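Keep in mind that what you see is a predicted model, and the values were worked out from it rather than measured.
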Amino acid sequence: MIRLTEVEKTYENGTHALKGVSFRVDDGEFVFLVGPSGSGKSTILKLLTAEEAPTAGQVAVNGYNVNTIRPQQVPFLRRSLGVVFQDFRLIDKKTVYENMSFAMRAIGASAREVRKRIPYVLDLVGLGEKGGQFPGQLSGGEQQRVAIARALVNNPNMIIADEPTGNLDPSRSYEIMRLLERINELGTTILVVTHEKELVNRFSKRVLTIENGRIISDRQGGFYGYEKK
């Protein structure tokens, strides 16, 4: 679960990135966070992963208070999240299986757990036959599916996808979003940060719209609040 309450964030250079932001994402939800460049989306992500702390207000993520979290607790908070990036961030010299194994071993998973979990997750994202291939041998859409699989492999409570379709064509973008929807249906909370209006409008999900550091709309379905009238 995510809960932001009257959150302010001012950086050392004076940039006032967030101005009284409040919202809640409950377990099992699928939510789009939308808004133009510079609106505050990236700052919210940094708060959710405890990369930054709020200047004022409260941030809670999966039972952790980001305001008071101790440095030794941060890795545990991050393990409860699976983060998917626009640029995939796969290790080129490791196979798909090795990329996922690396993520599991980083949190102390046993060899048995690795052998059991990876094939299941690869099948889930439609890449059951691709474990032995390297990222460079895959299409952009397949690489993003690997990135999603890697985010899923440690069974996080929530997946945060930061512009996950930014490097993909429209048909591949739709496939990735349908995959995230299917993962959500299996019980994982999904937060997708994007600016792709057409894609958001194809899914009847909750949409949080941020502009100039403020949440200007929180509604079900569509790209509400972002279009100027």
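A salt bridge links R172 to E175: at least one charged side-chain nitrogen sits closer than 4.0 Å to a carboxylate oxygen. Residues E29 and R206 are paired through a salt bridge, judged by an N-O separation under 4.0 Å between the basic side chain and the carboxylate. Between E181 and R178 there is a salt bridge, with a side-chain nitrogen of the basic residue lying less than 4.0 Å from a carboxylate oxygen of the acidic one. Note on R24 versus D26: salt bridge recorded, some NZ/NE/NH1/NH2 to OD/OE distance being below 4.0 Å.
For CD of Q72, the number of neighbouring non-hydrogen atoms (other residues, nucleotides, ligands) closer than 6.0 Å is greater than 12.
Taking NZ of K41 as the start and CG of L208 as the end, the distance is 12.5 Å to the nearest 0.5 Å. Put simply, OG on S139 and CD on Q144 are 10.5 Å apart, with the number rounded to the nearest 0.5 Å. Distance check: L18 CG to K46 NZ gives 11.0 Å after rounding to the nearest 0.5 Å. We find the CD1-CZ distance between I69 and F76 to be 10.5 Å, quoted to the nearest 0.5 Å. In this structure, I44 CD1 and I215 CD1 are separated by 5.0 Å, a value rounded to the nearest 0.5 Å. One finds the CD atom of E113 at 11.0 Å from the CD1 atom of I118 (value rounded to the nearest 0.5 Å).
Using modelled atom types, no side-chain atom of T194 and backbone atom of E163 make a donor-acceptor pair closer than 3.5 Å. Side chain of E211 to backbone of S39: no donor-acceptor contact under 3.5 angstrom is found. A side-chain donor-acceptor contact under 3.5 Å links S22 to the backbone of E6. Distance alone, capped at 3.5 Å, is enough to place a donor-acceptor pair between the D27 side chain and the M1 backbone. Listed for the K9 side chain is no donor-acceptor partner under 3.5 Å among the backbone atoms of H16. The backbone N or O of K197 lies less than 3.5 Å from no partner atom in the side chain of H195, so there is not a single donor-acceptor pair. The backbone N or O of S80 lies less than 3.5 Å from no partner atom in the side chain of N157, so there is not a single donor-acceptor pair. Put simply, the side chain of N99 gets close to the backbone of T95: a donor and an acceptor are under 3.5 Å apart.
In this structure, Y97 has its ring center at least 6.0 angstrom away from the ring center of F102.
Residues F203 and V84 share a single hydrophobic cluster, defined by chaining ILVMFWY side chains whose heavy atoms lie under 4.5 Å apart. There is a path of hydrophobic side-chain contacts, each under 4.5 Å, that joins V153 to V114. Hydrophobic clustering, with ILVMFWY side chains joined whenever heavy atoms are under 4.5 angstrom apart, groups V74 together with Y64. Hydrophobic cluster membership is shared by L124 and L127, with clusters built from Ile, Leu, Val, Met, Phe, Trp and Tyr side chains linked at under 4.5 angstrom.
Residues K93 and F134 form no side-chain contact, since every pair of their non-hydrogen atoms from C-beta on lies 4.5 Å or further apart. Between R79 and N154 there is no side-chain heavy-atom pair separated by less than 4.5 Å. Between R219 and V207, the closest side-chain pair of non-hydrogen atoms is not below 4.5 Å. With a 4.5 Å cut-off on side-chain heavy atoms, L138 and V96 count as touching. Inter-residue side-chain proximity for F30 and L191 is flagged as unmet; no heavy-atom pair is nearer than 4.5 Å. Annotation: side chain of L47 is in contact with side chain of V7 (closest heavy-atom distance under 4.5 Å). Side-chain contact check for V192 versus L33: every heavy-atom pair is 4.5 Å or farther apart. Inter-residue side-chain proximity for M158 and I190 is flagged as unmet; no heavy-atom pair is nearer than 4.5 Å.
Between Q143 and L90, the shortest heavy-atom contact is O-CD1, 3.7 Å. The minimum heavy-atom distance between A151 and I159, with the atom names listed, is CB-CD1, 4.4 Å. Between I160 and L45, the shortest heavy-atom contact is CG2-CD2, 3.4 Å. Taking every heavy atom of both residues into account, V125 and A149 meet most closely at CG2-CB, 3.9 Å. Of all non-hydrogen atoms in P156 and G82, the two that sit nearest each other are CB-N, 3.6 Å. In plain terms, the two heavy atoms of I176 and G141 that are nearest each other are CD1-O, 3.9 Å.
Taking the centre and axis of the six-membered ring of Y120, the NZ or CZ atom of R117 falls outside the cone set by 45° and 6.0 Å. A cation-pi geometry, defined here as NZ or CZ lying under 6.0 Å from the six-membered ring centre and within 45° of its normal, does not hold between K205 and F32. Taking the centre and axis of the six-membered ring of F85, the NZ or CZ atom of R89 falls inside the cone set by 45° and 6.0 Å.
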Next item on the list: With side-chain hydrogen bond (donor to acceptor under 3.5 Å, both in side chains) as the test, would you mind laying out the steps for T43 and Y11 before giving the verdict?
Entry: CA-CA 10 Å; T43 295; Y11 290 99; 2.8 Å; yes
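In summary, the side chains of T165 and E196 do present a donor paired with an acceptor at a separation below 3.5 Å, with no hydrogens or angles considered.
P54 pairs with exactly one of N67, V21, L4 by the side chain to side chain contact (heavy atoms under 4.5 Å, CB included) rule, that one being N67.
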